[in-house]
Number of protein chains: 2
Amino acid sequence: MIPTTAEAIKFFLSSKGVKPSLQRIKIYEYLATNKSHPTVDEIYVALAAELITLSKTTVYNTLSLFTEKNIISSILIEENETRYDANLTHHGHFKCVKCQKVYDFNFDLSKRQIDSLNDFIIAEYHAYIKGVCKKCNKT
Amino acid sequence: MIPTTAEAIKFFLSSKGVKPSLQRIKIYEYLATNKSHPTVDEIYVALAAELITLSKTTVYNTLSLFTEKNIISSILIEENETRYDANLTHHGHFKCVKCQKVYDFNFDLSKRQIDSLNDFIIAEYHAYIKGVCKKCNKT
DNA sequence: GTATCTGCAAAACATTTGCAATTCT
DNA sequence: AGAATTGCAAATGTTTTGCAGATAC
């Protein structure tokens, strides 16, 4: 399960070899409680209200560190924006080209046998779909 | 089949409603004959030798136009680099984190039933995997 | 008190935009 | 000539880097 309380996050980050500074805890907490797959900017804007000295550099540093340590994963759906996800279970992402929202969908590419990749070492599986979501489709 | 001769490309682009200028033909030809999923820069550098007045703006314009008209597709595997592919059949991409090469693999996400996306309109399917390729794994 | 972490300012890239020159018919 | 295309130069936006000050153990 993904930890969501400050205490649990503190413990979780420590267990991954990351010192749980206030900034790091808050950034992880934001990712864990907002399943919106936010961009760096979204995280920065949301947290800057509370952490008034927060810099974007710290957000970048922290997200890179988390990604390296396999604490979160980065997802690519749109050019020139990287999004982040605290949910490390295998799943796909759907981006609505109208409302820009990113939805999760149930799909595990790792369960598929892919013959042409025999003898390849696989580190990450990603699946994404673009289109128009149910809501936007109605309007 | 993907056209690869200048004549065939000329005809193909016209059939898609795109005027076949020299630059456009050369850019399409590069994509059709180099299955390396090149970046904008790779295309530009490769063609600038021959088309000495070629500008990167034209490469950008042309690739955007091709993507809009569904003549090619853009693929995202790495942050801050968009790659392009003239092969429009459904398939996945594998990027080797050592040699940086991008391989195709056989996989068609569109054939999978994804229940959580019922009533969603789907425009594009993408699957990509990162890891270490067979060759790099041996060395 | 020494390592690490944070954050400002500047740099580095990829991509886009405005616009003038060129090309095609 | 008129419309579309090309390409230069400048602008934009995201991410990275260098470094100084702050913080933690």
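Sequence lines set the chain letters: A, B, ... in the order given, protein chains first and strands last, and positions in each chain run from 1.
Against DNA chain D, the stretch residues 20-33 of chain B makes heavy-atom approaches under 4.0 Å through S21(B), Q23(B), R24(B). Of the residues in residues 54-70 of chain A, those lying under 4.0 Å from DNA chain D by heavy-atom distance are T57(A), Y60(A).
The aromatic rings of Y103(A) and F120(B) stand perpendicular to each other, their planes meeting at an angle above 60°, with 30° marking the opposite boundary. Aromatic ring orientation, F105(A) versus F107(A): tilted (interplanar angle from 30° to 60°).
Under the 6.0 Å cut-off for aromatic ring centres, Y28(B) and F12(B) qualify, their centroids lying closer than that. Checked against the 6.0 Å centroid threshold, H90(A) and Y125(A) count as a close aromatic pair.
Between K130(A) and F94(A), the shortest heavy-atom distance links the atoms C-CE1, 4.0 Å.
Nucleotide dA20(C): paired with dT6(D) (Watson-Crick or G-U wobble, both distances less than 3.5 Å). As the counterpart of dA3(C), no nucleotide is assigned, since no Watson-Crick or G-U wobble pattern has both distances under 3.5 Å.
Put simply, the side chain of N34(A) never gets that close to the backbone of L31(A): no donor and acceptor are under 3.5 Å apart.
Atom-to-atom distance recorded for Q23(B):CD and L47(B):CG is 10.0 Å, nearest 0.5 angstrom.
Distance, L51(A) CG to dC5(C) C1': 14 Å, rounded to whole Å. The CD-P distance, from E79(B) to dT14(D), rounds to 13 Å in whole Å. In this structure, the CD atom of E81(A) is 9 Å from the P atom of dT14(D), given to the nearest Å. The separation between R83(B) atom CZ and dT15(C) atom C1' is 16 Å, rounded to whole Å. Rounded to whole angstrom, the span from the CD atom of E42(A) across to the P atom of dT15(D) amounts to 11 Å. Here dC8(C) presents its P atom at 11 Å from CD1 of I52(A), a figure rounded to the nearest Å. Separating the CG atom of D41(A) from the P atom of dT12(D) is a distance of 16 Å, rounded to the nearest angstrom. E78(A) places its CD atom 16 Å from the P atom of dG13(D), with the value rounded to the nearest Å.
Heavy atoms of T53(A) sit under 4.0 angstrom from primed sugar atoms or phosphate atoms, though from no base atom. Among the protein residues, T82(A) comes within range of the sugar-phosphate backbone only, with heavy atoms under 4.0 Å from sugar or phosphate atoms but none that close to a base.
Remark: of the listed residues I77(B), V102(B), L76(B), I77(B) is the sole one forming a side chain to side chain contact (heavy atoms under 4.5 Å, CB included) with Y128(B).
Salt-bridge formation is detected for the pair D41(A)/K56(A): a Lys NZ or Arg NE/NH1/NH2 atom is positioned less than 4.0 Å from an Asp or Glu carboxylate oxygen.
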